[in-house]
J.: 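Pasting a structure below so you can have a look.
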There are 2 protein chains.
Amino acid sequence: MAAKTQKSRRNIELLTSSQQQLLRVIGQSGPSSRTVLAASMGLSKAAMSGIARDLISLGVLRETETVYGQGRPSILLDLHPEGAFFVGISLIEEPAPLVLSDFNGNVVARRTMPLSRNPETIAEMIAEALPKLLCERKDAGRKLAGLGIALSGFVDEKQASCVQSTLLGWQDVPLASIVKHKTGIDTFIENDAKAVAVGEKLFGSAREMQNFSIVSFDNGIGCAHFVGGKLYRGNHGGAGEIAHCTIEPNGSPCRCGKRGCLDTVASLKAIKEMARAEGLACRSLDELETEASRGNVMAIGILHRAGSALGLAIAHLIQFNDPGLILITHVEGRFDGLFGTVMRQAAEANVLPRCAGRTPIRTQRVDGDVWARGAASIAAHNFLIGPNPC
Amino acid sequence: MAAKTQKSRRNIELLTSSQQQLLRVIGQSGPSSRTVLAASMGLSKAAMSGIARDLISLGVLRETETVYGQGRPSILLDLHPEGAFFVGISLIEEPAPLVLSDFNGNVVARRTMPLSRNPETIAEMIAEALPKLLCERKDAGRKLAGLGIALSGFVDEKQASCVQSTLLGWQDVPLASIVKHKTGIDTFIENDAKAVAVGEKLFGSAREMQNFSIVSFDNGIGCAHFVGGKLYRGNHGGAGEIAHCTIEPNGSPCRCGKRGCLDTVASLKAIKEMARAEGLACRSLDELETEASRGNVMAIGILHRAGSALGLAIAHLIQFNDPGLILITHVEGRFDGLFGTVMRQAAEANVLPRCAGRTPIRTQRVDGDVWARGAASIAAHNFLIGPNPC
DNA sequence: GCCTGTTAGTTTATTTTTTGAACTTAATGG
DNA sequence: CCATTAAGTTCAAAAAATAAACTAACAGGC
């Protein structure tokens, strides 16, 4: 049972179920003391002591902060940044970025590769780029614990196969197994918004939240839910598809075939298109906000319409699911102007008055790495929390 | 470890964690063979064999069906109906019904008690009615594993305290501990719609479903979600409050303070009120349907408006959460007429065309026992699946 | 500066739980 | 009737968890 008996292990996958559970709990609840961990896992302090010792000497866990209170201070245990590495790839941009992420979600290396629509070609490109990415960090190859791929589209419940992607022109493409076959690394694929959500949950600002929803605001609108500390994908992997909920009955036709979808009024793309249709020379949300602040009625109207629509959708989200937090992530755009204000007002005005103000709506600007980092965190999520229903 | 060493145990609560896990798995996935259970719990067949033997000789499990395939047939294990009993009480009706339910959700005894708004009085009434209820079934007292109470209002995340109930005029009433103190039985309280959902999950038609939503259609509209085989209550216990989502922007004022809530257009009460306002002499949805089938334009209009609203809300539910099933339960009313048809059409028309028809919408007429039976299943849910996040 | 109370974490012998591997049982299909 | 297949059992050996007594590290009072 002592760490010595485990010697120098090569890959991380043969941990006992208690060791895995400990990693899972720390991954979900953040750094904690042995005593707290023992209680939350329903184990004795004695058992905890041994499990923690083993994982520390394996280099997967480490002691971080010391917390002083009454009595002997407790020492928080956290994932060791060098304990495991993950690769994340985004198939959303061209060229496709690859990142190498450590166990704390820090990006420690970065590359790009050409994008293709052919899954075999993608797998080859990855296999080619991988060694170059891994050699930038000692031990990364030995401790590589998974590979994640983010793409725009629907993914099956095993995070293995892309059911449908308009952007890539795919239908039932088993990308995960193709890539795993070429590279030998455990591979998981995921929808872009869900990948970002997992990234925020594991390594970002939603780390302590058990129940929250992420809304990714970009040219399209994505959304993903965390329930009980786990990503909720929906029965067909379609949970969070708020972009195509009907927000303006009998509104403008949407590319999906319906009318009045949120996507036709409130996405960055829709806002820009509405501005162009009104003859405004605004290329971005920022410019439109500036125009509105100068009193341009057209600009104000567009921002009002978009903000109300997004706010109403968020109100529905709150009424339906009662999340502990709504986190809006955006690469472009601003939420401190009219658009954001109207959005917040509409959200508050359309939830039960008694519940208004109960659910924080936080906006967060993120950099261009989000998708690839999110993809890496999908691999981490599978490693830590596991694909299986608990 | 043999069952003999456990002798004649009085209460059921001192089971090992593996025994509890086994009950939980069977409670969630239904009857299964030892081999299947061993695999799904990550244990060896040998371990499974012993755990099952003990639980069978404790009278908690039993062998039911024999399934023939290639090789030796497998014997399904299921909860023994006499393995544990639960009491359920509904505070929604006057007089308040109490039921005694066995481990399979069958109602084996039934009583009523006067309703009160005073929690202490309620606890006394329960303590008084309990012995009479329990004596109707031998062993029920000894094997009583919990008590559940369903009420209209919000309940905290521990299912212990009523945060707010308009019907009862309550605010932060710790009913569970009051009742537990008076009766000595583990008590849990829950919102009525959530209680019904748990009843359907554990013992009803949603037993095999891991992810589904229930919509209870009555004078009010309730809703509850199951995610990953567990009731999802929301971060403040408010998940599923679809009655007050805005479905007709700037619609009629609602008693909640907003406008255009689903509750103002699609609840049974709203439908009856709309009919009265239009001067129709219809007292029930049935009569309104009859009137509509005779070509009464007013009746058709009302049913159309209500059906569209409910359908749109359900479409949102599908888009947001992608459940595997929408189960609409109703005591009164019908779903085979215009109202139901329009509802289904609206639901289909307002989900992503690609996803249309993927989520079954099932309607189910239930009897007057639902609330009390649901309440009993809340106790069973806590006993089997536990209150703790897994 | 020293004792006391308090809580964190460790040690070790002991108990409980799980496993591996060989075995028995109960069917199907030639 | 016999080979094949798969379910479930048995039992010795191994692994994991516990209880209880222990040491460690601090705060606060004197």
Side-chain angles (χ1 to χ4, degrees), chain A residues 1-7 9 14-26 29-58 60-78, chain B residues 1-7 9 13-26 29 31-58 60-78:
Chain A
M1 234 294 72
K4 284 172 191 171
T5 66
Q6 301 209 5
K7 289 176 191 168
R9 291 153 22 63
L14 14 117
L15 299 176
T16 69
S17 68
S18 286
Q19 289 175 325
Q20 287 178 321
Q21 194 193 347
L22 177 53
L23 293 186
R24 192 160 54 229
V25 171
I26 294 184
S29 331
S32 322
S33 72
R34 291 167 171 84
T35 307
V36 167
L37 288 165
S40 82
M41 286 172 59
L43 291 181
S44 64
K45 290 193 297 173
M48 197 58 242
S49 185
I51 297 167
R53 189 196 311 119
D54 290 351
L55 284 177
I56 289 172
S57 69
L58 279 173
V60 182
L61 282 188
R62 67 168 178 181
E63 300 185 332
T64 54
E65 212 181 327
T66 306
V67 177
Y68 299 89
Q70 221 167 18
R72 175 171 169 177
S74 58
I75 303 160
L76 301 190
L77 297 176
D78 197 5
Chain B
M1 234 299 70
K4 284 171 191 174
T5 67
Q6 304 208 359
K7 288 175 191 166
R9 292 154 20 64
E13 275 152 57
L14 16 116
L15 299 175
T16 69
S17 67
S18 286
Q19 290 174 325
Q20 287 179 320
Q21 193 192 349
L22 177 53
L23 294 185
R24 193 160 54 229
V25 171
I26 294 183
S29 333
S32 322
S33 71
R34 286 168 237 260
T35 307
V36 167
L37 288 166
S40 83
M41 287 172 57
L43 290 181
S44 64
K45 291 194 295 174
M48 198 57 241
S49 185
I51 297 167
R53 189 197 310 119
D54 291 351
L55 284 177
I56 288 173
S57 67
L58 280 173
V60 181
L61 282 187
R62 67 168 178 182
E63 300 185 332
T64 54
E65 212 182 328
T66 305
V67 176
Y68 299 88
Q70 222 167 17
R72 176 172 169 176
S74 59
I75 303 160
L76 301 190
L77 297 176
D78 198 4

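Every chain is numbered from 1, with letters handed out A, B, ... down the list of sequences.
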J.: Between the side chain of B/Thr64 and the main-chain N/O of B/Arg62, is any donor-acceptor distance below 3.5 Å?
T.: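 Pair absent, no side-chain N/O of B/Thr64 close to backbone of B/Arg62.
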J.: Remember a base hit wins even if backbone is also touched, and classify B/Thr35 as base, sugar-phosphate or nothing at under 4.0 Å, heavy atoms.
T.: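 Sugar-phosphate only.
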J.: Would you say A/Ser74 places a side-chain N or O within less than 4.0 Å of OP1 or OP2 belonging to C/dG9?
T.: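 Looking at the OP1 and OP2 atoms of C/dG9, neither is under 4.0 Å from any side-chain N or O of A/Ser74.
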J.: Of B/Tyr68 and B/Met48, whose closest DNA chain C nucleotide lies nearer the 5' terminus?
T.: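 Final value for this comparison: B/Met48.
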J.: CZ of A/Arg34 to CG of A/Leu22: how many Å apart, nearest 0.5 Å?
T.: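 Spacing of CZ (A/Arg34) from CG (A/Leu22) equals 10.0 Å.
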J.: Classify the nucleic acid contact of B/Ser44 as base, sugar-phosphate or nothing, counting any heavy atom under 4.0 Å across all strands shown.
T.: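 The answer is base, as B/Ser44 lies within the cut-off (heavy atoms under 4.0 Å) of a base atom.
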J.: Out of C/dG9, D/dA6, C/dT7, which has the shortest distance to the side chain of A/Gln70?
T.: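 The answer is C/dT7.
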J.: Could you please name the option among D/dT9, D/dA17, C/dT18 that lies closest to any side-chain atom of A/Ile51?
T.: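 Among D/dT9, D/dA17, C/dT18, the one nearest the side chain of A/Ile51 is D/dA17.
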J.: Find which nucleotide of DNA chain C each of A/Pro73 and A/Ala47 is nearest to by heavy atoms, and output the residue with the more 5' nucleotide.
T.: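 Final value for this comparison: A/Pro73.
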J.: Quick check: any donor-acceptor pair below 3.5 Å linking the side-chain of B/Arg72 to the base of D/dA7?
T.: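 Side chain to base: pair found, below 3.5 Å.
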J.: When you measure from the side chain of B/Ser33, which nucleotide among C/dG9, C/dT11, D/dG8 comes out closest?
T.: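 Closest nucleotide to the B/Ser33 side chain: D/dG8.
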J.: Under the criterion side-chain contact (heavy atoms from CB on, under 4.5 Å), which of A/Leu76, A/Leu77, A/Asp78 is the partner of A/Glu63?
T.: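 With A/Glu63 as partner, A/Leu76, A/Leu77, A/Asp78 yield a single side-chain contact (heavy atoms from CB on, under 4.5 Å), made by A/Leu77.
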J.: When you get a sec, tell me which of C/dT11, C/dT10, C/dT6 is the closest nucleotide to the side chain of A/Ala46?
T.: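 Shortest atom-to-atom distance from the side chain points to C/dT11.
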J.: Between B/Ser57 (side chain only) and B/Asp54 (backbone N and O only), is there a donor and an acceptor less than 3.5 Å apart?
T.: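 Judged by distance alone, yes, a pair lies under 3.5 Å.
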J.: Among C/dT10, D/dG8, C/dT17, which nucleotide sits nearest the side chain of A/Arg34?
T.: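 My answer, after comparing the listed nucleotides, is C/dT10.
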J.: For B/Lys45 and C/dA22, give me the distance from atom NZ to atom C1', rounded to whole Å.
T.: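 Value for this atom pair: 11 Å.
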J.: Tell me: CD1 of A/Ile75 to C1' of D/dT23, nearest whole Å?
T.: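 Rounded to whole Å, this separation is 13 Å.
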J.: Would one find a side-chain N or O of B/Thr16 under 4.0 angstrom from OP1 or OP2 of C/dT16?
T.: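 So the side-chain polar atoms of B/Thr16 never come under 4.0 Å of the phosphate oxygens OP1 or OP2 of C/dT16.
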J.: State, with a plain yes or no, whether a side-chain heavy atom of B/Leu23 is found less than 4.5 Å away from one of B/Leu61.
T.: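 Yes. Closest side-chain heavy atoms under 4.5 Å.
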